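Whatever order the structure lists them in is the order used to number ligands and atoms, beginning at 1. Not measured: the values here are computed from a predicted model.
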Amino acid sequence: MNVHDSERLAGLLESAGYVPAAQGADADVVVFNTCAVRENADNRLYGNLGHLYPTKKNNPGMQIAVGGCLAQKDRSVIIDRAPWVDVVFGTHNLHRLPVLLERARHNAAAQVEIAEALEVFPSSLPARRASHHSAWVSISVGCDNTCTFCIVPSLRGGERDRRPGDVLAEVEALVADGALEITLLGQNVNSYGRSLGDPGAFARLLRACGNIEGLERVRFTSPHPRDFTDDVIEAMAQTPNVCPQLHMPLQSGSDAVLRRMRRSYRRERFLGIVERVREAIPRAAITTDIIVGFPGETEEDFADTLDVVRAARFAGAFTFKYSPRPGTPAAEMDGAVDPAVVSERYERLASLQDEMSWAENRAQVGRRVEILVSEGEGRKDSETGRLSGRARDGRLVHLLVTGPHAQDGVVRPGDVIEAVVTRGAPHHLTADGPLHSHRRTTAGDAWEAARSRGSEAGSEAGSEAGPEVLSPAGSMSAGSGQPAVSLGMPTLRTGPAAR
Ligand code: SAM
Ligand code: SF4
């Protein structure tokens, strides 16, 4: 969600006349879009601000803006701790960034503006999309749940749903622009539609996406096990462009812990959903989120989590050590688990999950898979000469292309290929061997056009959305890998693209 908000921030600034600073060049404006889900995001923000201090001192005209969840939480504390910051804006008023930058320049004084409720739905703002072939589409913002560990509702507000017609119009426009894949975004996609008086709206939205010509892959994140109903499973199974992938957060396998987390499903319900999804979509790759060391978690509770991990055969999991968040009920609970015990449990969970992911990935060997080629997902690609992309089930695939397809620029990010899996590793698949098919796409054409334009390639040609390093004179680069955004990415123990 933050990545997509960053695309909106970039689009807004571009509309206001800002342009990308070249990679490595000194930018005139740096925007941090922050996350507050776990505590280490706090540390990273202040560390990154500290790193920028000498640059700002040498170039007082440079502006630094901090937005997003941590800004909503810390407000003017950010200016107290880092007085060289120029603008602080929250989660509800992204659209104010250009005005606040302007006002800070004009008044030569820091501007802190935090709104208490959503002012403009971010989807109505311009976006600078990080990829030609894949796009995020918000169906809702905020959350009405009260999970006791979670700071999101207090920073993002209650759930606000977009009208299905608006969502579909955005998807259609993206597809007309060359996108092949969309991911529908919401904190709890299964409650989508309740505020519109239509509880079956999410399943209907999936089916409606199935009627959009040219849309090849539909994903969504995150569903909530409490609200995950069979009509959604049926819609997934019966809509050919909905991918055989499900990211469904478990959090804990212990009923007692789930109760204290105020997650109102139990392990049996969770495992029942997994079973029904597997019956309806036999090759579905199911991924999850798990928190270790929630207050009061006993060894028995943790053993229940390991049991569910074994039974569910997750293709991957985002695993987190519990992090107390200010103002949340869990932060006041007794029974803090000794950090050494948390670390030890975390390692045990991670190695069990790696074992399970590896076994699931080895079972893919020999299968012919369709891969949407991407850019920036294979960190070693330039050394190994491989391409990378995602299979329909979200698994990451690396391939060594041989023969005529191996020439630079023949297979492009955004193109669709088929190959046979030759190896399953814990976190990815390898498909080294002849390509069985290669389809050039308009997304690939757009990537190629951006590459030949050269200077914009870093952001236009499909690098990960991320920090925006901007200069108010020309064009903008999405500085992939730069320190300007603290998105708080979790440890990923997965093959599939589980966001
Ligand atoms: N709305 C999604 C759901 O209900 O599953 C999750 C959104 S949350 C931003 C992403 C993940 O962060 C959660 O699934 C949870 O595992 C993790 N998380 C949230 N708060 C946490 C905390 N205080 N400590 C550790 N992990 C946390
Ligand atoms: Fe947080 Fe997700 Fe629970 Fe909402 S459903 S409170 S976002 S963990």
Side-chain angles (χ1 to χ4, degrees), residues 1-5 33-43 68-70 72-73 91 138-161 183-192 194 202 220-228 246-253 257-265 270 273 286-295 297 305 308-309 314 316-333 336-337 339 342-343 345-346 349-350 353 486-494 498-499:
M1 231 161 253
N2 277 25
V3 169
H4 183 43
D5 280 351
N33 185 20
T34 60
C35 171
V37 169
R38 281 161 300 117
E39 193 181 2
N40 65 3
D42 289 44
N43 304 334
C69 286
L70 206 56
Q72 187 79 22
K73 172 171 109 27
T91 51
S138 281
I139 64 168
S140 61
V141 292
C143 182
D144 287 340
N145 289 328
T146 54
C147 304
T148 54
F149 53 80
C150 184
I151 199 168
V152 168
S154 72
L155 300 178
R156 292 259 178 190
E159 180 173 328
R160 290 269 298 271
D161 294 342
T183 303
L184 302 172
L185 285 174
Q187 290 296 350
N188 175 0
V189 293
N190 300 115
S191 60
Y192 174 72
R194 276 195 208 140
F202 185 62
F220 57 86
T221 192
S222 292
H224 193 297
R226 183 195 61 201
D227 304 312
F228 196 86
L246 179 66
H247 178 71
M248 193 167 56
L250 167 68
Q251 312 302 1
S252 170
V257 173
L258 286 171
R259 197 171 300 117
R260 287 203 304 283
M261 287 178 163
R262 232 183 268 150
R263 300 276 295 186
S264 52
Y265 53 87
F270 188 94
I273 296 172
I286 302 178
T287 55
T288 199
D289 291 348
I290 299 174
I291 297 177
V292 177
F294 187 77
E297 182 190 76
T305 298
V308 176
V309 167
F314 295 121
F318 289 101
T319 51
F320 307 94
K321 292 178 182 171
Y322 167 70
S323 167
R325 304 315 291 131
T328 58
E332 308 299 316
M333 285 180 187
V337 183
V342 177
S343 293
R345 285 182 191 160
Y346 182 88
L349 172 64
Q353 182 51 52
S486 182
L487 289 174
M489 295 304 282
T491 307
L492 175 59
R493 308 205 157 269
T494 178
R499 291 268 183 179

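Here the closest non-hydrogen pair linking G158 and D144 is CA-OD1, 3.4 Å. Residues G293 and Y322 share a closest heavy-atom pair of O-CB, 3.5 Å. Heavy atoms only, all atoms of each residue included: V189 and L185 are closest at CG1-C, 4.3 Å. Residues C69 and A36 share a closest heavy-atom pair of CB-N, 3.7 Å.
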Run the numbers on E159 and S140 for side chain to side chain contact (heavy atoms under 4.5 Å, CB included), then give the verdict.
CA-CA 7 Å; E159 180 173 328; S140 61; 4.2 Å; yes
Criterion side chain to side chain contact (heavy atoms under 4.5 Å, CB included) on F318 and T287, from CA distance to verdict:
CA-CA 8 Å; F318 289 101; T287 55; 5.9 Å; no
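Close contacts between ligand 2 and Q187 involve ligand atoms 7 (S) [criterion: under 4.0 Å to a heavy atom]. Residue R38 approaches ligand 1 through these ligand atoms, each under 4.0 Å from one of its heavy atoms: 24 (N), 25 (C), 26 (N). Taking a cut-off of under 4.0 Å to the non-hydrogen atoms of P153, the atoms of ligand 2 that pass are 6 (S). Residue-ligand proximity, R325 to ligand 1, at heavy-atom distances under 4.0 Å covers atoms 23 (N). Residue Q251 approaches ligand 1 through these ligand atoms, each under 4.0 Å from one of its heavy atoms: 5 (O), 13 (C), 14 (O), 15 (C), 16 (O). Applying the 4.0 Å criterion to heavy atoms of F149 picks out, from ligand 2, the atoms 8 (S). For ligand 2 and C143, the ligand atoms under 4.0 Å from any heavy atom of the residue are 4 (Fe), 5 (S), 6 (S), 7 (S). Contact atoms of ligand 2 toward C147: 3 (Fe), 5 (S), 6 (S), 8 (S) (distance under 4.0 Å to a heavy atom of the residue).
Annotation: atom 23 (N) of ligand 1 to nearest protein heavy atom, S323 O, 2.7 Å. For atom 10 (C) of ligand 1, the closest heavy atom belonging to the protein is D289 OD2, 3.9 Å. Looking from atom 2 (C) of ligand 1 to the surrounding protein, the closest heavy atom is Q187 O, 3.6 Å. Counting only heavy atoms of the protein, atom 4 (O) of ligand 1 lies nearest to R263 NH1, 3.1 Å. Of all protein heavy atoms, the one closest to atom 5 (S) of ligand 2 is N145 ND2, 3.3 Å. Protein heavy atom at the shortest distance from atom 5 (O) of ligand 1 is P249 CG, 2.9 Å.
For the 3.5 Å distance criterion, the side chains of N145 and R262 fail to qualify, holding no donor opposite an acceptor. Side-chain contact annotation: T91 with Q72, donor-acceptor N/O pair under 3.5 Å present.
Within the 4.5 Å cutoff, the side chain of H4 has heavy atoms near those of the S138 side chain. With a 4.5 Å cut-off on side-chain heavy atoms, M248 and S222 do not count as touching.
Using a 4.0 Å cutoff on heavy atoms, I291 counts as a contact of ligand 1. Using a 4.0 Å cutoff on heavy atoms, R263 counts as a contact of ligand 2.
Distance check for C150 against atom 3 (Fe) of ligand 2: none of its N/O/S atoms falls below 2.8 Å.
Inside a 4.0 Å radius of atom 8 (S) of ligand 1 there is not any protein heavy atom.
Across the listed options N2, T328, V37, N188, V37 owns the non-hydrogen atom lying nearest to atom 19 (C) of ligand 1.
A salt bridge links R156 with D5: the closest approach of a Lys/Arg side-chain nitrogen to an acidic carboxylate oxygen falls below 4.0 angstrom. One finds a salt bridge joining D227 and R194 here, because a Lys/Arg side-chain nitrogen approaches an Asp/Glu carboxylate oxygen to under 4.0 Å.
In terms of polar-atom proximity, defined here as any N/O pair under 3.5 Å, F149 does make such a contact with ligand 1.
The part of K321 lying near ligand 1 is the backbone, judged by heavy-atom distances below 4.0 Å.
A ring-centre distance under 6.0 Å is not found for F220 and H247.
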